[in-house]
Amino acid sequence: MEPGESDRPIKLEATTYPYQDMHNNLLLAVQSGVGAPDMADIEISKFANFLKGTPQLEPLNDIVDPVKDKMIQSRLDIYSKDGTVYGLPTHVGASVMYYNTEILGQAGVNVDDIKTWDDFYQAAKKVKDATGKVMTTVETSDQWTFWPMIVQRGSDFLDANGNITLDNDINIEVLEYQLKLVDEGLAVPTPGGNHHAEEYYGYMAQGNSASVLMPIWYMNRFTEYMPDLKGKIAIRPLPSWGAGGKRSAGMGGTGTVVTLQAKNKELTKDFLAYVKLSEEGNIKIWTEFGFDPPRWDVWDSPEVKEPNQFSDYFGEGIFDMLLEIREEINSPNTSELTPNASDLVKTSVLFRALEEKSATPEQALKDAANELRNR
């Protein structure tokens, strides 16, 4: 019988915890072999902690393989080790630019003319001259403006083999670019430090910034916290770093896992296959949550193109744009060092370089890389 049919009832009891508590408690439970749930969500920045040694998680290749050719492969890779898939994504997390077309229009900027990061810089100068407003905001206590900008260039905190690349030339150049925007008054450090802060929601909603770089899953933050911007926000690919450069990066997300302590592993896996891997489940990921489904073959389905709160807010054509950049969605490299690298970027690098300005981008990155090597 297929998952979800009436002779296979499932009683799902979901429990939520604060971010750090949940991951710490879950890691202790799977390592000790006692107290783990049947399944759990593990956030990308913490996932590598659960892959150390022999993962105490159920391999999922048997449910992934039948639909693997329809999935964005990079989103499976980040939850895998040595070719074994241990987590299932809920979304692609394609990074995009959200542009306030009202502000850009006042500056005489056509959003579709912004193709490269140099175009973005030139548009930012026009916005400042015409409106006195900034083009964008850069996070100083989270990683969602810095990480995608380096990943789209093929760089990362770590390379594919887990070697530390946090202080490489590409990363330095990207952070210098962000600092240039700040120093010239074309960008400001994000109010509240990150794009999930109440201070930021108010700042953006009042029309103080012409754009924000965030993954596509950020759409529901607009609809929930910034309703007054409805009809003013256009979603476009990231500017590229030059001709032929990639225009996105897969960011954020949680990998849903089945622990080895699950009482009925096969039923749990079948349930997850239905929710996360089936065509119907992926359509629901969009219609219910507003996330870009990890199965790209549903992106042009009639159900996905039906009007909903997100198309009402942002307009049509979101998935046409995503299909255009499907092969350009790099995802980060993840290893055992990823959680520490991410923490250093969020707690030290960005604040020192962009807000406190107590270190140059190069020095901030090199200090963090050296600390990471010595941990």
Side-chain angles (χ1 to χ4, degrees), residues 2-6 10 12 14 41 63-64 66-76 88-102 111-112 195 201 204-205 211-238 247-254 256 270-329:
E2 291 299 317
E5 295 193 2
S6 60
I10 291 175
L12 178 63
D41 276 346
I63 59 174
V64 168
V67 297
K68 192 174 182 180
D69 62 335
K70 299 178 177 66
M71 305 286 290
I72 298 294
Q73 180 62 39
S74 63
R75 300 310 282 172
L76 296 174
L88 300 182
T90 307
H91 57 64
V92 175
S95 295
V96 296
M97 292 300 303
Y98 297 86
Y99 291 105
N100 186 316
T101 55
E102 184 176 68
V111 65
D112 292 314
H195 293 136
Y201 292 142
M204 186 68 178
S211 71
V212 59
L213 188 170
M214 285 296 286
I216 203 81
W217 46 253
Y218 195 74
M219 284 190 297
N220 63 19
R221 275 55 161 194
F222 275 99
T223 57
E224 184 171 354
Y225 298 109
M226 297 171 275
D228 291 345
L229 294 179
K230 180 179 179 180
K232 299 178 182 179
I233 302 298
I235 301 177
R236 295 292 187 273
L238 296 186
R247 295 173 292 167
S248 192
M251 286 286 130
T254 56
T256 305
D270 284 348
F271 171 71
L272 286 185
Y274 175 70
V275 173
K276 295 290 195 84
L277 301 175
S278 73
E279 185 174 352
E280 181 179 354
N282 273 254
I283 289 170
K284 290 290 187 182
I285 285 172
W286 164 247
T287 58
E288 297 297 322
F289 302 116
F291 296 160
D292 46 348
R295 270 185 66 150
W296 59 264
D297 65 327
V298 307
W299 290 1
D300 59 357
S301 66
E303 296 91 340
V304 164
K305 293 194 173 184
E306 288 180 0
N308 65 8
Q309 61 171 320
F310 303 107
S311 59
D312 288 346
Y313 189 104
F314 297 101
E316 299 178 355
I318 296 169
F319 283 96
D320 293 334
M321 181 270 294
L322 289 176
L323 282 167
E324 180 187 339
I325 63 172
R326 176 168 66 89
E327 301 296 336
E328 302 177 45
I329 305 173

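Everything numeric here is computed off the predicted structure, so don't read it as measured data.
A side-chain donor-acceptor contact under 3.5 Å links N282 to the backbone of K276. Without hydrogens or angle criteria, N308 side chain to S311 main chain gives a donor-acceptor distance under 3.5 Å. Panel note: side chain Y99, backbone V212; no donor-acceptor pair is recorded below 3.5 Å.
Atom CG of N220 is separated from atom CD of Q309 by 8.0 Å, given to the nearest 0.5 angstrom. Separating the CG atom in L272 from the CD1 atom in I63 is a distance of 6.0 Å, to the nearest 0.5 Å. The distance from the CG atom of D292 to the CE atom of M321 is 9.0 Å, given to the nearest 0.5 Å. From I285, atom CD1 reaches atom NE2 of H91 across 9.0 Å, with rounding to the nearest 0.5 Å. Annotation: the span from N100 atom CG to L229 atom CG amounts to 6.0 Å, rounded to 0.5 Å. Interatomic distance, NZ of K70 versus CH2 of W296, reported as 8.0 Å (0.5 Å rounding).
At least one side-chain heavy atom of I325 sits less than 4.5 Å from a side-chain heavy atom of P237. Looking at L277 and L88, their side chains come closer than 4.5 Å, going by heavy atoms from C-beta outward. Under the 4.5 Å side-chain criterion, counting only non-hydrogen atoms from C-beta, Y225 is not in contact with M204. With a 4.5 Å cut-off on side-chain heavy atoms, Q73 and K68 count as touching. Considering only heavy atoms from C-beta on, K230 stays 4.5 Å or farther from T223 through its side chain.
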- Message: As a quick check of understanding, evaluate salt bridge (Lys or Arg N to Asp or Glu O under 4.0 Å) for E324 and R247, giving each step before the final call.
- Response: CA-CA 10 Å; E324 180 187 339; R247 295 173 292 167; 3.0 Å; yes
- Message: Would D300 and K305 count as a side-chain contact (heavy atoms from CB on, under 4.5 Å) here? Give the steps.
- Response: CA-CA 7 Å; D300 59 357; K305 293 194 173 184; 4.2 Å; yes
- Query: Taking it one step at a time, do D112 and R236 satisfy salt bridge (Lys or Arg N to Asp or Glu O under 4.0 Å)?
  - Reply: CA-CA 8 Å; D112 292 314; R236 295 292 187 273; 2.7 Å; yes
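A pairwise comparison of heavy atoms in V92 and P294 identifies CG2-CA, 3.6 Å as the closest pair. A249 and I329 make their closest contact through C-CG2, 3.9 Å (heavy atoms, listed as atom of the first residue, atom of the second, distance). Smallest separation of non-hydrogen atoms from T101 and A234: CG2-CB, 3.6 Å. Looking at every heavy atom in both residues, S95 comes nearest to S248 through O-OG, 2.9 Å. Here the shortest heavy-atom pairing between R295 and S278 reads NH1-C, 3.8 Å. Among all heavy-atom pairs drawn from M97 and L213, the shortest one is SD-CB, 3.5 Å.
By the 6.0 Å contact criterion, OH on Y201 is enclosed, its count of non-hydrogen atoms from other residues, nucleotides or ligands being greater than 12.
The aromatic rings of F222 and Y313 lie tilted to each other, with the angle between the two planes from 30° to 60°.
A ring-ring contact (aromatic ring centres under 6.0 Å, His included) with W286 holds for exactly one of W299, F319, F291, W217; it is F319.
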